**Q** 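Dropping the structure in here first, questions after.
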Amino acid sequence: MNTVVDVARVSVTLDGRSILDDVSLRLATGEAVSLLGANGSGKSTLVRAIVGLVPLRAGSVSLFGAPLPRFRQWQRIGYVPQRVTAASGVPATVREVVAAGRLSHHRPFGRFGRADRAAIDAALETVGLAPLREASVARLSGGQQQRVLIARALAGRPDLLILDEPMSGLDDATQQATTEALRDLVTGGTSLLLVLHDLGYLDELIDRCVVLHGGRAAEATGRHESSAEHPHETVAPPHESVSLPATSFGLTSSPLDVQARR
Amino acid sequence: MSYLALPFIQKALIAAVLVGLAAPAVGTYLVQRRLALMGDGLGHVALTGVALGFLLGTSPVLTAVIVAALGATVVELVRAQGKASGDVALAMLFYGGIAGGVLLISLEPGGNTNLLIYLFGSILTVTTEDLYVIAALAGGVLLVAIGLRRQLFSVCQDEEFARVSGLPVQLLNIILAVTAALTVTVAMRVVGLLLVSALLVVPVAAAQQLTRGFAATMAMAMAIGVLVTVGGVVMSYPIDVGPGALIVVLAIAVFGLTSLLAVLRGRLRPAPA
Ligand SMILES: Nc1ncnc2c1ncn2[C@@H]1O[C@H](COP(=O)(O)OP(=O)(O)O)[C@@H](O)[C@H]1O
Ligand SMILES: [Mg+2]
C-alpha cells in the first residue's frame with residue numbers, strides 16, 4: 001500500500017515552546033484517518049507541519065513519497081485550514097474564493113478553462129452553496145464560510161484532503177451533507193486526514209484515529225478501540241503518558257475525552 | 001471646451017487615464033491585504049529617491065522608481081521574516097523615507113524648488129518623454145495587476161492557502177510590492193507624493209460600497225480612477241486650481257456618493273444574502 005503522508009518523528013517548536021514532540025503518523029492511499037485531541041494539543045500545528053506551513057525542529061514529513069522540501073505536486077493536496085472567516089479587506093464572491101482552489105493546476109498568467117469551471121461548480125454543489133455563488137463571502141454566516149473553504153479545497157480535485165475541524169460551526173443537516181460528500185470522495189479513492197473534535201457523523205467513515213496528547217501522538221490501531229470505555233488506556237499507552245513533557249499544554253491531568261461520539 | 005485641444009492638456013489627459021487605471025488596480029490588492037497605507041509609505045520612500053535624483057543630476061523619476069522598489073522589497077522581506085509586523089515595517093518606510101529625502105535635499109546647495117512638483121504633482125507639465133515613461137510603467141503595472149490577478153488574489157486573500165497551492169508566495173509578494181512602488185512613482189507626477197496613496201485607495205473604498213466581488217471591485221475602482229483623474233484635469237484648467245488636489249477631492253466625493261447609495265440601497269431592501 002502506498003503511503004500518502006509519512007510523518008516521521010516530527011518535533012515542532014514555536015516561540016521557544018515545544019508544541020509537537022516526536023510525533024509519527026502514516027496515512028495510506030484511500031485511508032481516512034482522524035486526528036483527535038483536546039484544544040491546544042497540537043492538532044492544527046501537526047497538520048500545518050504536514051503541509052509545510054510550520055518548520056520542523058526534528059524529524060521529516062513526506063507527501064506521496066517525496067520529502068516535503070522537494071514536494072511539488074500541490075495539486076494533489078486539498079487543505080481546509082481551521083478558520084473563523086473567509087473574508088478579507090475587499091469583497092469577494094463565493095465563486096472567486098472557491099476558484100483559488102484551482103490555482104495549483106495553473107501556471108502564472110494561465111487561463112481558466114472548462115475543466116476549471118466544472119470543478120468549481122461541482123465543489124459548490126457539493127457543499128450546497130451553488131445558489132450563493134455570487135454572494136459576498138463577508139455576508140455569509142460562519143458555517144457558510146466554513147463550507148466555502150471546504151469547497152475551495154474540493155475544487156482542486158485533490159488525492160489527499162486535509163481538513164482542520166471542518167465540521168465546527170456547521171448545522172446538523174450540513175454536517176450530514178458534508179459527510180456524504182466525504183464518503184463519495186473516499187469511495188473514489190481520496191485519502192482523508194481530518195482534525196476533529198468529536199467523530200460525530202464521520203464515525204463510520206474513519207478507518208483509524210490518532211490522538212494527540214500534549215504534543216505527543218498515540219495511534220489507536222482500529223477505530224473501534226478509540227471508542228473504548230477507557231480511552232486513556234487504549235489511545236495513550238502507559239509509557240507514553242509517563243513520558244509526557246511537563247510542559248504539555250491544556251491537558252495536564254485529565255485524560256482525553258474521545259467518548260463524545262454518537 | 002476648446003482648451004482640451006491644447007497639447008499640454010492632451011498629454012495630461014493621457015497621463016490621467018494611465019494613472020487612473022493603474023493606481024486603483026494595485027490599490028485593490030493593498031486594501032485586500034489591509035495594507036492601505038503601504039502606498040503612503042512607498043510615497044515617502046520615493047521622496048528619498050527624488051531627492052537623490054536631484055543630487056546626482058539624473059532623472060528623479062528613475063531614482064524614485066529604484067529607491068521605492070528597493071524599499072518595497074526590503075519591507076516585504078522584513079514582513080515575511082516575521083521580525084516586524086506589517087505596520088512597524090510601514091512606520092520605518094514613512095520616517096526613513098521622509099528623513100532621507102529631507103537630508104538629501106538639504107545637502108543640495110541653494111535648496112530645490114522643483115521638489116514641489118513631486119510633492120504636489122504637476123500633471124499639466126507632463127512632457128512627451130514623461131509620457132513615454134508613464135506609459136511604460138503603467139503598462140507594466142497593469143500587466144501584473146490583471147495578468148496575475150488570480151495568483152495575487154489568492155496570496156492576498158489567504159497567504160497560507162496560497163502556499164499550500166504551491167504558489168511562489170514570497171515572489172508574488174515582492175512582485176506586488178515592487179508594482180506598488182512603480183505605481184506610486186507614476187502617480188506622483190499626477191497627484192504628488194503627499195496624495196499618491198489616495199489615488200490607490202480611495203477609488204477602491206468607493207467601489208466596494210457597491211460591489212460584492214473582487215473582480216467587480218477592481219473594475220469599478222479603475223473606472224472611478226479614470227473618472228476622477230480625467231475629471232480633475234478637465235475641471236482644473238477653467239477653474240484654475242491644481243489638478244492633483246482636485247483629483248483627490250473628486251475621488252473622496254465619489255466615495256461619499258457611493259457610500260450614500262449603499263446606505264439607500266440597504267434601506268430600500270433588506271441586505272442581500
Ligand atoms: N504560531 C504559534 N506560535 C506560538 N505558539 C503557537 C502557535 N500556534 C500554536 N501555538 C500553540 O501551540 C499549541 C497547540 O496549538 P494547536 O496546534 O492550534 O492546537 P489544536 O489545534 O490541537 O487546538 C497551543 O498551545 C498554541 O498556543
Ligand atoms: Mg486546531
Side-chain angles (χ1 to χ4, degrees), chain A residues 15 47-48 50-54 63 71-83 85-97 99-112 116 131-141 144 148-149 152-153 155-156 158 162, chain B residues 24-25 27-38 82 143-144 146-169 171-172 175 201 203-221 262 266 270-273:
Chain A
D15 281 350
V47 157
R48 288 160 53 78
I50 289 172
V51 295
L53 291 174
V54 163
L63 295 172
F71 181 72
R72 293 291 175 272
Q73 300 173 297
W74 292 104
Q75 72 281 3
R76 301 186 72 175
I77 294 190
Y79 171 56
V80 180
Q82 183 177 17
R83 173 59 61 87
T85 175
S88 62
V90 167
T93 63
V94 168
R95 196 178 187 288
E96 284 174 325
V97 174
R102 292 299 298 170
L103 284 175
S104 53
H105 295 266
H106 288 275
R107 304 191 144 277
F109 296 103
R111 293 177 65 90
F112 275 29
D116 298 302
L132 289 176
R133 72 182 70 210
E134 296 306 327
S136 172
V137 284
R139 298 228 180 180
L140 302 184
S141 71
Q144 287 171 325
V148 172
L149 299 185
R152 182 177 65 175
I162 299 176
Chain B
T28 309
Y29 297 108
L30 298 185
V31 174
Q32 192 192 12
R33 263 303 229 345
R34 302 185 206 276
L35 280 177
L37 294 180
M38 174 94 160
L143 186 72
V144 168
I146 295 174
L148 288 175
R149 67 188 179 285
R150 292 183 191 280
Q151 283 76 14
L152 291 174
F153 169 80
S154 180
V155 168
C156 295
Q157 211 259 340
D158 186 342
E159 190 166 313
E160 297 205 327
F161 182 83
R163 270 211 266 164
V164 180
S165 303
L167 293 180
V169 169
L171 180 63
L172 286 166
I175 287 174
V201 170
V204 181
Q208 68 181 10
Q209 301 300 316
L210 300 178
T211 53
R212 282 179 301 193
F214 186 82
T217 305
M218 187 188 271
M220 189 170 169

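Letters A, B, ... are given to chains in the order of the sequence lines, protein chains preceding strands, and every chain is numbered from 1. None of the values given here were measured: they were computed from a predicted structure.
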**Q** So for B:Ala36, is it side chain, backbone, both, or neither that comes closer than 4.5 Å to the heavy atoms of chain A?
**A** neither
**Q** Which atoms of B:Thr28 come close to chain A, meaning under 4.5 Å heavy atom to heavy atom: side chain ones, backbone ones, both, or neither?
**A** both
**Q** Could you walk me through whether B:Arg33 and B:Glu159 pass the side-chain contact (heavy atoms from CB on, under 4.5 Å) check?
**A** CA-CA 10 Å; B:Arg33 263 303 229 345; B:Glu159 190 166 313; 3.6 Å; yes
**Q** Classify the angle between the aromatic ring planes of B:Tyr29 and B:Phe214 as parallel (below 30°), tilted (30 to 60°) or perpendicular (above 60°).
**A** tilted
**Q** Name the region of A:Arg48, side chain, backbone, both or neither, that has any atom closer than 4.5 Å to a heavy atom of chain B.
**A** side chain
**Q** May I ask you to test the A:Val97-B:Phe153 pair for a side-chain heavy-atom distance under 4.5 Å?
**A** yes
**Q** Out of B:Thr211, B:Leu167, B:Asp158, which one racks up the most heavy-atom pairs below 4.5 Å with chain A?
**A** B:Asp158
**Q** Using non-hydrogen atoms only, which part of B:Leu148 is less than 4.5 Å away from chain A: side chain, backbone, both, or neither?
**A** both
**Q** Side chain, backbone, both or neither: which part of A:Arg76 has an atom under 4.5 Å from a heavy atom of chain B?
**A** neither
**Q** Of all of A:Ser88, A:Ser104, A:Ala100, which one pairs up most often with chain B through heavy atoms under 4.5 Å apart?
**A** A:Ser88
**Q** Would A:Arg102 count as a cation-pi partner of A:Phe112, with NZ or CZ less than 6.0 Å from the six-membered ring centre and within 45° of the ring normal?
**A** no
**Q** Quick check on A:Val94 against chain B: is it the side chain, the backbone, both or neither that has a heavy atom closer than 4.5 Å?
**A** neither
**Q** Just to verify, what does A:Glu134 make a side chain to side chain donor-acceptor pair (under 3.5 Å) with, not counting sequence neighbours?
**A** none
**Q** Can you name the residues that form a salt bridge (charged side-chain N to carboxylate O under 4.0 Å, His left out) with B:Arg34, not counting sequence neighbours?
**A** none
**Q** Relative to chain B, which segment of A:Pro81 carries a heavy atom at a distance below 4.5 Å: side chain, backbone, both, or neither?
**A** side chain
**Q** Is B:Arg212 paired with A:Glu96 through a side-chain N to carboxylate O contact shorter than 4.0 Å?
**A** no
**Q** Chain B: which of A:Thr93, A:Leu53, A:Val51 shares the most heavy-atom pairs with it under 4.5 Å?
**A** A:Leu53
